[in-house]
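Below, read A as the first sequence line, B as the second, and so on, with proteins coming before strands; counting in each chain starts at 1.
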Amino acid sequence: MPELPEVETVVRDLRPLLCGRTILSVIKTPEAIRRAGKHPWEAVLKNRHFESISRRGKWIIHQLDNKGHLLIHLGMTGQLLVQPKGHGLTDHLHMILALDQTFEWKFRDIRRFGNIQYFANPTDLALFWTKQNLGPEPFMVDRHYWATRVKGTSRNLKALLLDQTLLVGLGNIYADEALHLAKLHPEMRGQNLTSKQNECLLRAIENVLTESIKNRGSTIRDYVGGSGLKGGQQLNLQVYGRTDNPCFTCGNPIKRTVLAGRSTHFCPKCQLGQPRKSIGSYTKGDRTV
DNA sequence: ACAGGATCCTGGGGGC
DNA sequence: TGCCCCCAGGATCCTG
């Protein structure tokens, strides 16, 4: 499931493989991808050069030499690959661009939750970002913004961390991991966090993402980087996918629940602050605060 | 404002 | 072996 570390890894892999390369032809267009925009792909992409590859949240941004932008969201199972022609898997390919020196740019997506968008000029792109209303990048969060937004809501922490308008980049895996590192219960309400806990949560998010980027992200099932290499962070996960296994910190079994419609993994002993039914209080160990 | 459910989608795994 | 059902979740929409 591509989250920020996986998307960042793809971008870093693609950059040297793609920058300066020319699109010779469009071999396959993304009709099967439900949310892909409709464009005369051959007309807008043929003979264009890739100027730069970057990322905003989980979106991958290809800037072309005509100020056009090709955006890709990997969704659940998306893979973006640049490989010599004839390499790699051939099923579930939704868009293929032939590049110079017989390389191919390929978007592969088994479950088709991905998204492909093209913007002909910076104005259209800016409009798209406005509509998306994305929050800040995790490593560039203003402390005051963070404190205000988290303290100002009664939503639970799991739902908050998945909300891309609050903060971009977290998905189900790293939301669970960050909450475990911060020792905060996923059901705790934003408004019930102390300033110290709030700051600790932001640091935990940064630390979890930093470590995961270092390990090229987590390959649970389908994810691979831009050159086809798998990630390594799945070996370091503390709670995600470890239901009933002992917590590495305290030895108690990891619990699973469903929050914000997503499976949520946590250690009930290490992660305190589960809210009681009465509003405005939460349990901390055996005490009510 | 918020929670929860449905929707899109396919492959893997469990049960029979 | 084959069949059925459930589960996984990023984003979005709808309802209560």
Side-chain angles (χ1 to χ4, degrees), chain A residues 1-8 10 30-37 55-60 71-80 89-95 107-117 128-135 138 148-179 185-193 209 212 217-224 231 233-234 237 239-244 254 256-266 274-280:
Chain A
M1 303 107 207
E3 303 178 31
L4 190 146
E6 290 78 22
V7 176
E8 178 65 27
V10 170
E31 283 84 5
I33 294 293
R34 194 167 53 92
R35 282 180 293 199
R55 174 188 67 70
R56 172 76 177 100
K58 300 176 191 173
W59 286 93
I60 297 168
L71 267 57
I72 302 284
H73 196 296
L74 299 177
M76 280 284 300
T77 55
Q79 301 175 346
L80 199 50
L89 299 167
T90 55
D91 56 346
H92 306 294
L93 288 173
H94 298 294
M95 191 169 181
F107 179 62
R108 182 171 184 263
D109 187 4
I110 296 167
R111 288 184 221 177
R112 291 194 259 156
F113 281 16
N115 197 338
I116 303 180
Q117 299 289 326
F128 173 75
W129 291 134
T130 303
K131 266 191 187 168
Q132 286 280 305
N133 189 28
L134 295 178
T148 309
R149 286 290 301 267
V150 175
K151 289 288 283 180
T153 180
S154 61
R155 300 172 75 192
N156 66 59
L157 295 182
K158 179 62 183 272
L160 273 181
L161 295 194
L162 292 177
D163 184 350
Q164 304 297 299
T165 69
L166 171 73
L167 178 80
V168 295
L170 290 178
N172 210 35
I173 298 173
Y174 300 117
D176 283 3
E177 293 297 310
L179 286 169
H185 196 287
E187 284 183 63
M188 198 176 173
R189 313 277 168 171
Q191 64 193 9
N192 289 339
L193 258 66
L209 293 178
S212 304
S218 304
T219 296
I220 303 295
R221 192 171 288 172
D222 301 299
Y223 162 75
V224 291
Q233 184 63 15
Q234 66 278 4
L237 298 180
V239 285
Y240 180 83
R242 298 197 60 249
T243 309
D244 295 333
I254 300 298
R256 177 190 177 276
T257 185
V258 175
L259 283 172
R262 295 288 168 257
S263 66
T264 299
H265 313 76
F266 64 101
Q274 183 176 16
R276 289 192 155 183
K277 279 183 181 166
S278 60
I279 305 294

Protein-to-nucleotide contact annotation, 5' to 3' order, nucleotides 9-16 of chain C [B base; S sugar-phosphate only; - none; under 4.0 Å, heavy atom]: BBBS----

Distance, rounded to the nearest Å, where A/N156 contributes CG and B/dA1 contributes C1':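 About 13 Å, once rounded to whole Å.
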
Not counting sequence neighbours, which residues clear side chain to side chain contact (heavy atoms under 4.5 Å, CB included) with [X]? List them please.
| X | value |
| --- | --- |
| A/R34 | none |
| A/T165 | A/N133, A/R149, A/D163 |
| A/T148 | A/H144 |

Partners meeting ring pair (Phe, Tyr, Trp, His ring centres under 6.0 Å) with A/H94 (sequence neighbours left out):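 In terms of ring pair (Phe, Tyr, Trp, His ring centres under 6.0 Å), with neighbours along the sequence ignored, A/H94 is linked to no residue.
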
Partners meeting ring pair (Phe, Tyr, Trp, His ring centres under 6.0 Å) with A/F107 (sequence neighbours left out):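 Applying ring pair (Phe, Tyr, Trp, His ring centres under 6.0 Å) to A/F107 gives none.
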
Residues A/W59, A/Q132; criterion side-chain contact (heavy atoms from CB on, under 4.5 Å); working and verdict: CA-CA 11 Å; A/W59 286 93; A/Q132 286 280 305; 3.3 Å; yes

Under-4.0 Å side-chain N/O to phosphate OP1/OP2 contact, A/H92 with B/dC9: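 So the side-chain polar atoms of A/H92 never come under 4.0 Å of the phosphate oxygens OP1 or OP2 of B/dC9.
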
Sugar-phosphate only, base, or nothing, as touched by A/S154 at under 4.0 Å among non-hydrogen atoms: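 Result for A/S154 = sugar-phosphate.
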
Candidate nucleotides B/dC2, B/dA3, B/dG11, ranked by approach to the side chain of A/A159 - the nearest: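 The answer is B/dA3, which lies nearest to the side chain.
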
